[in-house]
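Structure, as structure tokens:
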Amino acid sequence: MRKKHWMVLLVFGLFILACKKDHPVKEEIERFLGFQKPSNFPEPVYNFANNKVTKEGFELGRALFYEPRLSRNNTITCGSCHIQSAAFTQHGHDVSHGIDDRLGTRNSPPIMNLAWSKAFMWGGGVYDLDLQPITPITTHEEMDESLENVLNKIRAVPKYTAMFKQAFGTEEVTTARFMKALSQFMLMCVSSNSKYDQVMRKEGTVFTADEQEGYVLFKEKCASCHSEPLFTDGSFRNNGLGTSAVNDQGLYAVTLIETDRYKFKVPSLRNLKYTAPFTHDGRFLSLDGMLEHYNSEVRDTPNLDPQLRKNGRLGIELSATDKLKLTAFLGTLNDEAFINDKRFSEQ
Amino acid sequence: MKNTYFKIASLLSVLSIGFAGCSKKDSPTPEFQEANLAPLSIEFDNIVGARTFTLNNTGSPYKNAAGEQFTISFLQYFISNIKVETAAGNSYAVNPDSSYFLIKGADKASRFAKVHVPEGDYTKVTFTLGVDSLRSTMPIDKRTGVLDPAAGGDHENGGMYWGWNNGYIFFKYEGNSNVISDDASGDPTGKKQFKYHIGFFGGYSVPTINNIKVITMDLNAAGIAKVRKDRQSNVHLFVDLMKVFNGKTPFSIVAHPNVMFNDFSSTVAGNYVDMFKHDHTEN
């Protein structure tokens, strides 16, 4: 009897292994758990009551995320600028590179932990995930398509009408369903399995001495804006970058409020290993460059964050050792499982 | 011959009976009951100063107070949240789910905002030019019909949704004028186009410019609306687009050829709030 059990488990195990090698869609046969809040994360801000994540909705959203018909000439997908291996950013591009080789003015932000995001885009303007995809679809430098055309193209594909039926009950392709499906996929892209998370959840991993010292430094010098566990407080701040050649004024452009000039959304510090270059216009190619900015390059422009003007000094003093330790700690925020999770890959 | 006269006479008498039947003079004011709904329409009849509204009339352009000649190539605006009030002070607001209308200059049929209100004699009609802040921040499911962000295609074709700054364009008015320069301060494409895209509902979380305009028309002078089940009462408004330039704060096209997302949008909205004039009511 006992032997039989072992045999069954062994065969089952082999089956899973075999699936892992040959079929990246192994997860498809596993039970779909829907959106799961990591135990060390706060309650999400997204209204799940209005859009329950289902297996069918998520899969439809994933198909749409990787669907080139979302762009005018069917060449660009969401995944073109939000590449999973780069933690859903466009690694190596300072500003996003869209349709017809056109260049935008900002760095592709990651599709990650969006269920906790109150505002979208580097400069705000979008406050509901269900409305966010309209921006890249209609932007001239990104997908350059109208939402109406996208929906018409999707309606003409039997694969999609079938998927809409599975996800929403009928084949009807509406703006709301299209947006909700995309949201379901994006909401599932939760990065919560970094070493930091495992340490916080006491899963048996511990920080090295450098990481621990870096963590202490981080809490002292960085956490007021990049607050745990999302490593952003979701606010908009001027971090002293100085004006850019295109004079991007950030939040001001959508509010026209003088005190919003040059404020940009505080980005998360998760997955920095995969997401360089950094800041809204991708001007810093390395973490070292970014840290040096805070140490010695902060410029006094209107609305500079008060955190960057303390004791008569601009910026945050960081010694070479501080930088090493901070870098060690920030390394614990990289989530390899996230960038390799087959559920989020193009199928 | 006699027969013909008789026919004509009887036809006339039938017609006059018909007319008499249509005359509302002796129709008593019904008791105001919220559930007793009847049709009412508000007609937004676009005009330009003393002239009718015609798109692209390059042969006979319009002229504003600054003396600038111009033609109109595109016009669309949202009318929403219709409310009526009787002389006795009974008021009724149309259910918001069926109270959003997009008036399109290129589509004559779109000039009527058709609603249902309780039978009654109304002396006031109130509506919003634009989309209120509540609807501007509603979930995607509530954004259907003219509020569907996919409606109308892209901005070149009639789309009224601002994706990059969650909100609707309330009033979209475009045209051409030879006074517009070909450089960056005018229209670098050389098409000599002016574009007024006015939106701004007041902001999601922090207050921003609010260009939502609530307009109340007093119907007493030009005819109250007698709303009854067996007929269509129509409040006929003239909407004078010349007021955009010649309103409270007159401005010249050459000084402001493009007004979209900037502070001057409030000046334009402050002018267009006075576009509406009640001409008459068809009961």
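So you know, we letter chains A, B, ... as the sequences are listed, proteins then strands, and number each from 1. Source: prediction; values computed, not measured.
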So which atom in A:Ile134 and which in B:Gly163 form the shortest heavy-atom distance, rounded to 0.1 Å?
CG2-CA, 4.0 Å

B:Lys192 atom NZ, neighbour heavy-atom count above 12 within 6.0 Å
yes

All inter-chain donor-acceptor pairs under 3.5 Å (chain B, chain A):
{"unit_1": "B:Asp141", "atom_1": "OD1", "unit_2": "A:Asn50", "atom_2": "ND2", "d": "3.0"}
{"unit_1": "B:Asp141", "atom_1": "OD2", "unit_2": "A:Lys180", "atom_2": "NZ", "d": "2.3"}
{"unit_1": "B:Asp148", "atom_1": "OD1", "unit_2": "A:Thr175", "atom_2": "OG1", "d": "2.4"}
{"unit_1": "B:Asp148", "atom_1": "OD2", "unit_2": "A:Thr175", "atom_2": "OG1", "d": "2.9"}
{"unit_1": "B:Gly153", "atom_1": "N", "unit_2": "A:Glu148", "atom_2": "OE1", "d": "3.2"}
{"unit_1": "B:Gly163", "atom_1": "O", "unit_2": "A:Thr135", "atom_2": "OG1", "d": "3.0"}
{"unit_1": "B:Asn165", "atom_1": "ND2", "unit_2": "A:Val254", "atom_2": "O", "d": "3.3"}
{"unit_1": "B:Asn166", "atom_1": "N", "unit_2": "A:Gly125", "atom_2": "O", "d": "2.9"}
{"unit_1": "B:Asn166", "atom_1": "OD1", "unit_2": "A:Tyr127", "atom_2": "N", "d": "3.2"}

Give me the atom names and distance for the closest heavy-atom approach of B:Pro149 to A:Leu131.
CG-CD2, 4.5 Å

Using every non-hydrogen atom in the two residues, find where A:Leu151 and B:Ala150 come nearest and quote the distance to one decimal.
CD1-CB, 3.8 Å

Is it the backbone or the side chain of A:Ala119 that comes under 4.5 Å from a heavy atom of chain B, or both, or neither?
neither

